[in-house]
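Below is one structure; the comments refer to it alone.
A note on names: the letters A, B, ... follow the listed sequences, proteins ahead of strands, and every chain is numbered from 1.
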2 protein chains.
Amino acid sequence: MRQVAERAGVSVKTVSRVVNGEPSVAPATLRRVLSAAAALDFQPDPHAGNLRRSDRRTRTLGLLISSVDNPFAGAIHRAVEDAAIGRGFAVFASSLDDDPEREEEAVAAFTRRRVDGLILTTSAQEQSYLEPEVRRGTPVVFVDRRPTGIACDAVVSDNAEGAAAATRHLLAHGHRRLAYLGDRPAIQTAGERRRGFLEALGQAGVPVGDAVIVEDLHDETVARKALLRLLDGPEPPTAVFSAQNLITIGALRALRERGRHRDTALIGFDDVALADLMDPGVTVMAQHPDDIGRIAAERVFARLDGDDSPAQRITVDTTLIERGSGEIPAPSNT
Amino acid sequence: MRQVAERAGVSVKTVSRVVNGEPSVAPATLRRVLSAAAALDFQPDPHAGNLRRSDRRTRTLGLLISSVDNPFAGAIHRAVEDAAIGRGFAVFASSLDDDPEREEEAVAAFTRRRVDGLILTTSAQEQSYLEPEVRRGTPVVFVDRRPTGIACDAVVSDNAEGAAAATRHLLAHGHRRLAYLGDRPAIQTAGERRRGFLEALGQAGVPVGDAVIVEDLHDETVARKALLRLLDGPEPPTAVFSAQNLITIGALRALRERGRHRDTALIGFDDVALADLMDPGVTVMAQHPDDIGRIAAERVFARLDGDDSPAQRITVDTTLIERGSGEIPAPSNT
DNA sequence: ATGAAAGCGCTAACAA
DNA sequence: TTGTTAGCGCTTTCAT
C-alpha cells in the first residue's frame, strides 16, 4: 500500500480511501491510484485492516459437520456457502466424525481464526464450552441437533413427527410386526426418532411388544447383521423402519441377501442416493438439508446484523417419498 | 495480551514468549502468565501476529471444487482436510459449478484472504490468471484436471487408460456395437475418456463406425434421453460406456425404462453410490478421489516446505469394479 | 530471563 | 479533497 501511494504520489490514507471505495476522492487522484495499484498488482490485506477497523469482522464462517464427505452434510454445506457468498463471506468447514473431542478442538481452531459465526452439528453431550465465545458476541447456530447447556439458535428436522408419520404409513398398510432399527440412543436425533416411532404405535393401539427395537446400529455392517438376525428369527418383522441413512443401506442389503426385499416393507429416515433405481424403490422420510443449511446461515447473518431476540428453535418438516418399498402390504394371514 | 501482561505483572513480550512456547521463561513467570491468560480467557490473534511475523503464514488452504455437495469432490475435500489438520491448517472450500467466472472470483476471494496454498479443479480454458499468485510464491496444485498456460503440480486420474480398459472389458465380453455417452468434449477429462474409448476400439480392430458416440451430456436427464433414443433406434447398442457419474445414472434410468438393464451391458466411469444394490450391480471404473486429495495436499505442503522442483504431473490409476452390469455378454447372434 | 522500542499494513480521528 | 498522527495486537531486534 505504501508502494502504491508513492507510485501515485499520494498518501497511504488516500490509497486506503480508494481501496475501500470511500467517497471524496478526486476523479483524477482516483485514476492515478487505481493504475498504480494495478501496475503493482496490489491486494489489500484484510487482516491488517481488521486490526484497526471498528467492526473487526473477518467475513468468515466456521461450519462443523459430521463429515464433508457425507451427502447430508454436503447439502447443508452447499446451502451455507451459497448464502455466505452473497455477503462476501468465506466458509471454513471441518469434519467431526461425531467425536466430541474433535468438536472442541475444531471450534477452538475456528474461534482462534476469529470466524464471525459458527454453524455446527454438535455431538457433545452439552455445549457449555461455547459460553466464552457466545459471550464474546459470536453468533452460534446449531443444525440437526439442539444445544444443551447454552442458549443458541437451532435448526432441526422434525425428527419425532417424521418418524411417527413413517410409522403410521407402515401401520396403514396393515403391518403390525414392525422393527425399528436405530442408531445409538444417546444421539439426540436417534432418541427423538425412536420416540416418534413408539408414539405412533401407541396412538394406533398397537402393543409395543409387537415391535422389535434394535439400537446402537452406528454403521451399515452392524445394521445389516442386526436385520439378518431378525429375518432369520422365529417371527421376522413384516415392516422395517430404519431410522438413519446408513442403517437403511444395511437393511437393504440384508433384505436382498435373504430375498425378502419384495415382501418386507421398508421406510428409511433421510433420503438415500439412487433410492428410486432400486427394485422396489426405497420409500423414505426425506429431510431437507438444503433448507436447514440456508436457514442456519440466515440466522447467523441476522444475528450479525444485530438481531438479539431470544434463541430460536426452527423445525424443518420432513417429507414422505413413496417409492414402493414402504407400500408393500402386510401379508393377509397376519 | 496487554491485559494479560498487566495481570501477570510482566511485559507483553514475555506473554508473547509464553504463548509461542519460546524457551527462556522462568517457570514461576510461566505459571503466572498462564494463569492470567486463563483467567481472562485470552486467545492470541493469529492475524495480528502474522502482520509482523517473518513467515507470514495464515495456516489456511483454499480448495476449489465442482461443488461441496458432490460425492467425488467431497471425498477429495475430506482427504485434504485430514492432511491439513495434522499441520494445523484450516481449509476454505468453494463450489465452482464448473463456471470459469466463478472460478476466478473464488480464487480472488481466497488469495485476498492470504491462503497459503490453493488446490483446485479448474474449469477455465486456461489458468494464466493465477500467474501473479504463483509468482508471489503460493503453491497451487490442480486436481482432476491439468493446468494450461501455467506450470503447476497436478494430480489426475488416468482417464484415457481407465476409459480404454473399461472399453476393452466390454469388448472382451463379445460386444461390438458399443455406445459412448460422454460429457462436453471441451472438458478435459471428457476428451481424454473419449480418446481412451476410441483407442481401445482401434486396438481391437473394431471399426469406429460400429460405435455410437453421443456427447454434450452434462446432466442426468439429457443422458437418459440420449440413451432412450438409441435404444429405440434401429440398431441399439449391446453395451454402453457412460463416461461420467451423472451420465451413468441417466443411463441406468433409460435401461430400466425400456426393460433392457438385464441384456445391455453397462460400465460407468467413476463410482456411484449403492451401485452394488442395483440389479444387476453396476460395473464401474472407479476413481480414487481420496488418494487424489491426499496427494494434492502432500504436494502443497511439500512446496510450502521448500520443494522447488519442476511442476509434477501425478497420475492416479483407476480400478475396475465388476458388479454384473459390465459382464453381461453380447447376444450370440450379433 | 526479561523488557523497551520499532514496526507489520492498515484505518480512525482529526486537521489542514 | 487530502494528509498527519496514532494505534490495532502482535513479533522483531536489540538492550539490559
Side-chain angles (χ1 to χ4, degrees), chain A residues 1-37 39-60 88 111-116 132 136-138, chain B residues 1-37 39-60 88 111-116 132 136-138:
Chain A
M1 179 137 161
R2 226 188 43 236
Q3 301 179 38
V4 177
E6 276 167 24
R7 197 176 222 270
V10 296
S11 77
V12 272
K13 178 62 224 189
T14 303
V15 178
S16 167
R17 278 196 255 264
V18 171
V19 167
N20 294 19
E22 285 171 37
S24 73
V25 175
T29 321
L30 183 86
R31 240 174 302 115
R32 282 217 315 289
V33 172
L34 248 29
S35 77
L40 299 171
D41 89 8
F42 165 78
Q43 297 237 218
D45 185 332
H47 304 308
N50 270 340
L51 217 45
R52 196 81 215 326
R53 209 190 303 270
S54 43
D55 65 347
R56 253 139 146 14
R57 294 252 168 106
T58 54
R59 298 183 150 261
T60 285
T111 57
R112 220 173 355 210
R113 286 191 163 78
R114 301 287 193 266
V115 295
D116 293 337
R136 215 167 283 169
T138 308
Chain B
M1 180 140 159
R2 224 189 42 237
Q3 302 180 37
V4 177
E6 275 167 24
R7 196 177 223 270
V10 296
S11 77
V12 271
K13 176 62 227 186
T14 303
V15 178
S16 167
R17 276 195 255 266
V18 171
V19 167
N20 294 16
E22 286 171 37
S24 72
V25 175
T29 321
L30 185 85
R31 238 172 306 113
R32 280 218 315 288
V33 172
L34 249 29
S35 76
L40 299 171
D41 95 3
F42 166 75
Q43 297 238 219
D45 185 330
H47 304 308
N50 270 339
L51 216 46
R52 196 70 175 62
R53 208 189 307 269
S54 42
D55 65 347
R56 254 142 148 11
R57 294 247 168 110
T58 54
R59 298 184 150 262
T60 285
T111 58
R112 224 180 347 224
R113 285 187 165 79
R114 299 288 191 266
V115 294
D116 292 336
R136 217 167 281 169
T138 308

Starting at CG of B:Asp55 and ending at P of D:dT12, how long is that distance when rounded to a whole Å? 8 Å
Spacing between A:Arg113 atom CZ and D:dG9 atom P, to the nearest angstrom: 20 Å
Residues B:Asp45 and A:Arg113 bridged, charged N to O under 4.0 Å: no
Give the rounded distance in Å between these two atoms: CZ of B:Arg2 and P of D:dC10. 10 Å
DNA chain D contacts made by residues 11-29 of chain A, counting heavy atoms under 4.0 Å: A:Ser11, A:Lys13, A:Thr14, A:Arg17, A:Ser24, A:Val25, A:Ala26, A:Thr29
Minimum side-chain heavy-atom gap A:Arg53-A:Asn20 below 4.5 Å: yes
Determine the contact category for B:Pro46: base if any of its heavy atoms lies under 4.0 Å from a base atom, sugar-phosphate if only primed atoms, P, OP1 or OP2 are that close, otherwise nothing. nothing
Euclidean distance, atom CZ of residue B:Arg52 to atom P of C:dA4 [Å, nearest integer]: 17 Å
For atom CZ of B:Arg57 and atom C1' of D:dT11, their distance in whole Å: 17 Å
Rounded to the Å, how far apart are B:Arg56 CZ and C:dG9 C1'? 7 Å
If you find the nucleotide of DNA chain C closest to B:Asn50 and the one closest to B:Val10, which residue's nucleotide is nearer the 5' end? B:Val10
B:Met1 has an atom CE; how far is it from atom C1' of D:dC10, in whole Å? 6 Å
